[in-house]
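To find a chain, count down the sequence lines: A is the first, B the second, and so on, and within it residues start at 1. The analysis underlying the following values was restricted to heavy atoms, covering all of them including side chains, and did not include hydrogens, waters or symmetry mates.
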There are 2 protein chains.
Amino acid sequence: MAYRSTDALAPLVVRLRAVVHLTDKEAEIIRALPFTVREVKAGWEIVREGDRPSQSCLILDGVSCRFKIVGDGGRQIVSVHIPGDLPDLQSFHLKTMDHNLATLTPSRIGLIPHSAIHHLMMSSPRMANILAREGLIDGSIFREWICNIGRRPALTRVAHFLCEIFVRYRLIGANDGMTIPFAFTQTELADAQGTSTVHINRVLKVLKTDGMISIAGKALTVHDWEKLQETGDFDARYLHLSEAEAAAV
Amino acid sequence: MAYRSTDALAPLVVRLRAVVHLTDKEAEIIRALPFTVREVKAGWEIVREGDRPSQSCLILDGVSCRFKIVGDGGRQIVSVHIPGDLPDLQSFHLKTMDHNLATLTPSRIGLIPHSAIHHLMMSSPRMANILAREGLIDGSIFREWICNIGRRPALTRVAHFLCEIFVRYRLIGANDGMTIPFAFTQTELADAQGTSTVHINRVLKVLKTDGMISIAGKALTVHDWEKLQETGDFDARYLHLSEAEAAAV
DNA sequence: TAATTTCATTAACATATGTTATTGTCATAC
DNA sequence: GTATGACAATAACATATGTTAATGAAATTA
């Protein structure tokens, strides 16, 4: 159930530091945010299209995604979120949800009241700035996603996606060498890439056969990072990492 | 060349009022923003990927688009912008451009220094809020665009796009009944929809033959709004219009 | 006005990707 | 420890969409 634990917001601080410099004092302010934690299972719908949430959600553990259902019943996943992400920060400004947010794996999520976010943004222009940046990076990732689906063939698209989540996991230090958590089903990958499960299967097979990656259990290992990046037409600049982090990619 | 004219920023006020209530005083503050106006021809690159602009651009007249070039040289247009739009407001927070912004038609654009935007945002929390909303609506449109390209067939996708720009033109009062400006070439439509020019041509033919639209000169007329919306699986909620405006759609 | 260039339209053909269906493996539950 | 259901892997086949190329109209430039 809901409880409060010490420094549970650490993933957020780590995540923000990948993109912006935070002083110790600023980090302290963030860690002091009020929140409640919930443990939820896979497939839990955190917020639904049409909802008007009064809190925003922080992923503490697990993977979530935002998605919409189109007219013929198809699902399009528009983003995936890992620990440290604030996938519905926007609901603070845009009151009505225009999409759904759900967990893909069993997860721990932190719920931060909008009032606290309001307070944080008012506390200093810099904090407001940092949160605004988060939302805009979100937008940048959407733009890249549009390019992926619109103009890159499925193999490239999937490779690009793998590169992105690999970098994002590494940013939060959730990698084990070249291995990252990877619990996506092929159906989920298909819904994210705007393709079919069968084709995802075909494309993954190529990436494995060509020695770029392997998937075992719920983990992905990258064996040839150079080749994967090249295959995926991947350039991390759209993630707007801090210079230090960018250098590490 | 650059000059200053009285109330040139009116399109911005009209645009903002479609989404949020502005008091007369607030409108006045916006109209008082410092800016320079440039008349540019079609194909003018306002900012390029990698640039670090010190001003943001407001479309006063004409159509612009944001786009990226992918590995094989293909172009993906990620958004289109009409008068009243602030397509690179984000460059205020995200210093380095992750995409290009260019005019598609001869245009008049206003250039607002970042310092003035900073000043505006500091002037009142509400102004900061309004600008944040603009950026987030941008993100919402991106999400819908992802759904379009990822999960809707080309006919639906194009119809959806036409619905969107129709509504957006109507919001700023730039329609003449059911007719709006429409200067897109089929190549541009293809690059926006992630498809080919030939296929755009096929799909437009269907929309015309079925009596939904006609295109003449540089104008689009909607003959059957209901059917076009239905064909395009279009629901304007993602545009986050004010209640009054939403009712009019 | 003639010369160019851009754009729309279409046909013929190629192919990446979608669809349906079957099978086997693995995890979870009872 | 068997039953159930999710998931991955393939095969066979269908099709939406891409590609190339040719033509004519319309806009632009000389």
What's the verdict on side chain to side chain donor-acceptor pair (under 3.5 Å) for B:His160 and B:Glu144, showing C-alpha distance, side-chain angles and the deciding distance? CA-CA 10 Å; B:His160 190 285; B:Glu144 190 71 20; 3.0 Å; yes

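In this structure, a donor-acceptor pair under 3.5 Å is present between the side chains of B:Ser140 and A:Asp98. At a cut-off of 3.5 Å, with distance as the only test, no side-chain donor of B:Thr96 or A:His240 sits close to an acceptor on the other residue.
One interatomic measurement links the two molecules: CZ of A:Arg202 to P of D:dA8, which rounds to 16 Å at whole-angstrom precision. If you take CG of B:Leu189 and P of D:dG18, they are 13 Å apart, rounded to a whole angstrom. What separates CG of B:Asn201 from P of D:dA21 is a distance of 19 Å, to the nearest Å. Atom CD1 of A:Ile200 and atom P of D:dC7 are 15 Å apart (whole Å). In this structure, A:Gln186 places its CD atom 11 Å from P of D:dC7, rounding to the nearest Å. Between B:Gln76 atom CD and D:dG18 atom C1' the separation is 15 Å, expressed in whole Å.
Nucleotides of DNA chain C nearest to B:Thr197 and A:Arg157 differ in position, and the one nearer the 5' end is that of B:Thr197. Each of A:Arg151 and A:Phe184 was assigned the nucleotide of DNA chain D with the nearest heavy atom; the assignment lying further toward the 5' end belongs to A:Phe184.
For the pair B:Lys205 and C:dA8, the criterion of a side-chain N or O lying under 4.0 Å from OP1 or OP2 is not met. Remark: B:Lys208 is in phosphate contact with C:dT9, judged by side-chain N or O atoms under 4.0 Å from OP1 or OP2. For the pair A:Thr195 and C:dG18, the criterion of a side-chain N or O lying under 4.0 Å from OP1 or OP2 is met.
Relative to the side chain of A:His199, the nucleotides C:dT9, D:dT17, C:dT17 differ in distance, and C:dT17 lies closest.
Among the protein residues, A:Gly217 comes within range of no part of the nucleic acid, since none of its heavy atoms lies under 4.0 Å from any strand. Residue-level contact check: A:Gly74 touches neither bases nor backbone, having no heavy atom under 4.0 Å from any strand. Within the nucleic acid shown, A:Ser196 comes within 4.0 Å of at least one base atom, counting heavy atoms only.
Checked against the 6.0 Å centroid threshold, A:Tyr169 and A:His81 do not count as a close aromatic pair. Aromatic pair A:Phe166/A:Trp225: centroids less than 6.0 angstrom apart.
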